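Here's the structure we're looking at; comments come further down.
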Amino acid sequence: METRFLKTFLSVVDLNSIAAAARKENLTPSAVVQRLRALEEEVGAPLVQRAGHSTRATEAGLAVLDTARRLVEAAESMQGLANQNEEVGTIRVGVIHSMITGLLPDILSSMKDSRPGITVEVLPGQSSDIYVKLGEGDLDAAIIVEPPFAIPKTFVWHEVRRDPLVVLTSTLEEETNPLTLLKHAPFIRYDRKNWGGRPGDLYLRRIKMNPKEKYELDSLEAIAVLVDRGLGISLVPDWLPPWPEGLSLRKLPLADAPGRGVGILFPHLTSNERLVRIFAEETRTAARKKAATQIVADLFSKT
């Protein structure tokens, strides 16, 4: 049984789309269909079915799903073990949305040039969801906000960035005292259930501030747009650019506020440990370069 065909089957089920699976695996849709048919002939039952505009696993497909995943993972682990002195293999990495645009392109560009044999499969999501998938073994590493609890000793954590909290306002807002704004202006809260929103919530509790809350959102980009429209102010981590284009915003620093730690988390022991540690080092290197670039950009913006 071809593990390539099993991997294609998993892509179709995970993405609910033959077209999306084709893009992910750099195949044509017809090639994906051919692989599915060959696999179904070998298994002796249909594995996927059309459901409107999406493609879903049949009852037989669901029955073999976990086994298919284990077979693909075992094959990839064997590849890693056989090439443990080479930088060849696939790793699965969960990445929070702000790092998908802010840091991941730099990491992947560097790896394309220096580590072309390592394939990185990316799963976007929120920190809490990614953390669960990492713990369940569905991911090899994660770039997430630092967990609001003690990290188990079975994991390695490297902080790569600390985003300071800032009060975000429209440039049309005349008041420039951040505490005055937090006390009196309509407040757009960064979702306190989101790990990235907790530092702001803890800060407001610490200074015993109860803002006039208008909205609570889990998207930093959406918050920035609402602030630009004059719908309120917000307390957010100063995340890596790019930010939404065409916005006129002002960031007011808070001297005694905590920051949001962002880092890479991965298990101590994994079949892909060497490749994961390579990815972690590339992540830290990209973060250092990004920080240096930001410092230079900030200096020029103040001159």
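Index from 1, following the sequence. For clarity, every value in this text was computed on a predicted model and none was experimentally measured. Computed from heavy atoms alone, side chains included, the values below leave out hydrogens, waters and symmetry copies.
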* **Test salt bridge (Lys or Arg N to Asp or Glu O under 4.0 Å) applied to Glu173 and Arg250, step by step** => CA-CA 9 Å; Glu173 171 62 58; Arg250 180 184 292 118; over 6 Å; no
* Taking everything shown except Arg37 itself, do over 12 heavy atoms lie less than 6.0 Å from its CZ? ->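 No, not enclosed.
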* Asked: Above 12 or not: heavy atoms from other molecules or residues under 6.0 Å from CZ of Arg206?
  ->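 Result for CZ/Arg206: enclosed.
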* Report the C-alpha separation of Val236 and Ile188 in whole Å, then their side-chain angles, then the decisive distance to 0.1 Å, and conclude whether the side chain to side chain contact (heavy atoms under 4.5 Å, CB included) test is met. => CA-CA 10 Å; Val236 295; Ile188 304 170; over 6 Å; no
Is there side-chain contact between [X] and [Y], with heavy atoms separated by less than 4.5 Å?
X      : Y      : answer
Tyr203 : Asp256 : yes
Arg56  : Val13  : no
Ser248 : Leu172 : no
Leu249 : Val227 : yes
Ile96  : Gln126 : no
Glu282 : Ser114 : yes
Thr283 : Phe279 : yes
Asn16  : Thr55  : no

Exercise: identify the closest heavy-atom pair between [X] and [Y]:
X      : Y      : answer
Gly263 : Trp157 : N-CH2, 3.2 Å
Leu254 : Pro178 : CD2-CB, 3.7 Å
Pro186 : Leu231 : CB-O, 3.9 Å
Glu273 : His268 : OE2-O, 3.0 Å
Ser11  : Glu25  : OG-OE2, 2.8 Å
Ala142 : Leu134 : CB-CD2, 4.1 Å

* To do: Would you check, one step at a time, whether the test side chain to side chain contact (heavy atoms under 4.5 Å, CB included) holds for Ser98 with Arg260?
  => CA-CA 12 Å; Ser98 61; Arg260 177 185 78 161; 3.4 Å; yes
Output the distance between atom [atom1] ([X]) and atom [atom2] ([Y]), rounded to the nearest 0.5 Å.
X      : Y      : atom1 : atom2 : result
Arg115 : Thr119 : CZ    : OG1   : 14.0 Å
Thr169 : Lys251 : OG1   : NZ    : 11.5 Å
Gln34  : Thr8   : CD    : OG1   : 11.5 Å
Leu168 : Leu252 : CG    : CG    : 8.5 Å
His158 : Glu281 : NE2   : CD    : 8.0 Å
Arg161 : Ile264 : CZ    : CD1   : 16.0 Å

* Asked: Pairs in or reaching into residues 128-140: which pass side chain to side chain donor-acceptor pair (under 3.5 Å), with residues at least two apart or in two chains?
  -> Arg92-Asp140
If hydrophobic clusters are built from ILVMFWY residues whose side chains come within less than 4.5 Å, do [X] and [Y] share one?
X      : Y      : result
Ile151 : Val262 : yes
Ile233 : Trp243 : no
Val145 : Val93  : yes
Ile278 : Phe155 : yes
Leu265 : Ile143 : yes

Taking [X] for its side chain and [Y] for its backbone only, find out whether a donor-acceptor pair lies under 3.5 Å.
X      : Y      : value
Ser54  : Ala51  : yes
Glu121 : Ile91  : no
Asn272 : Leu275 : no

Short N-O contact, [X] and [Y], less than 4.0 angstrom:
X      : Y      : value
Arg35  : Glu40  : no
Lys289 : Asp106 : no
Asp14  : Arg69  : yes

* To do: Take Met111 and Ile118 through the side chain to side chain contact (heavy atoms under 4.5 Å, CB included) test and state the conclusion after the steps.
  => CA-CA 8 Å; Met111 292 188 69; Ile118 300 177; 3.7 Å; yes
* Asked: Of Ile223, Leu220, Asp218, which is the lone residue that meets side chain to side chain contact (heavy atoms under 4.5 Å, CB included) with Asp191?
  ->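 The single option meeting the side chain to side chain contact (heavy atoms under 4.5 Å, CB included) with Asp191 is Asp218.
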* What residues, two or more places apart in sequence or in another chain, satisfy salt bridge (Lys or Arg N to Asp or Glu O under 4.0 Å) together with Arg189? ->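 Scan of Arg189 (salt bridge (Lys or Arg N to Asp or Glu O under 4.0 Å), adjacent residues dropped) gives Asp201, Glu213.
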* For this output row, return yes or no: ring centroids of Trp195 and Phe149 closer than 6.0 angstrom. =>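 Yes, the ring of Trp195 comes within the 6.0 Å limit of the ring of Phe149, centre to centre.
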* **Check against side chain to side chain contact (heavy atoms under 4.5 Å, CB included), Leu235 and Phe187** => CA-CA 8 Å; Leu235 178 62; Phe187 186 62; 3.9 Å; yes
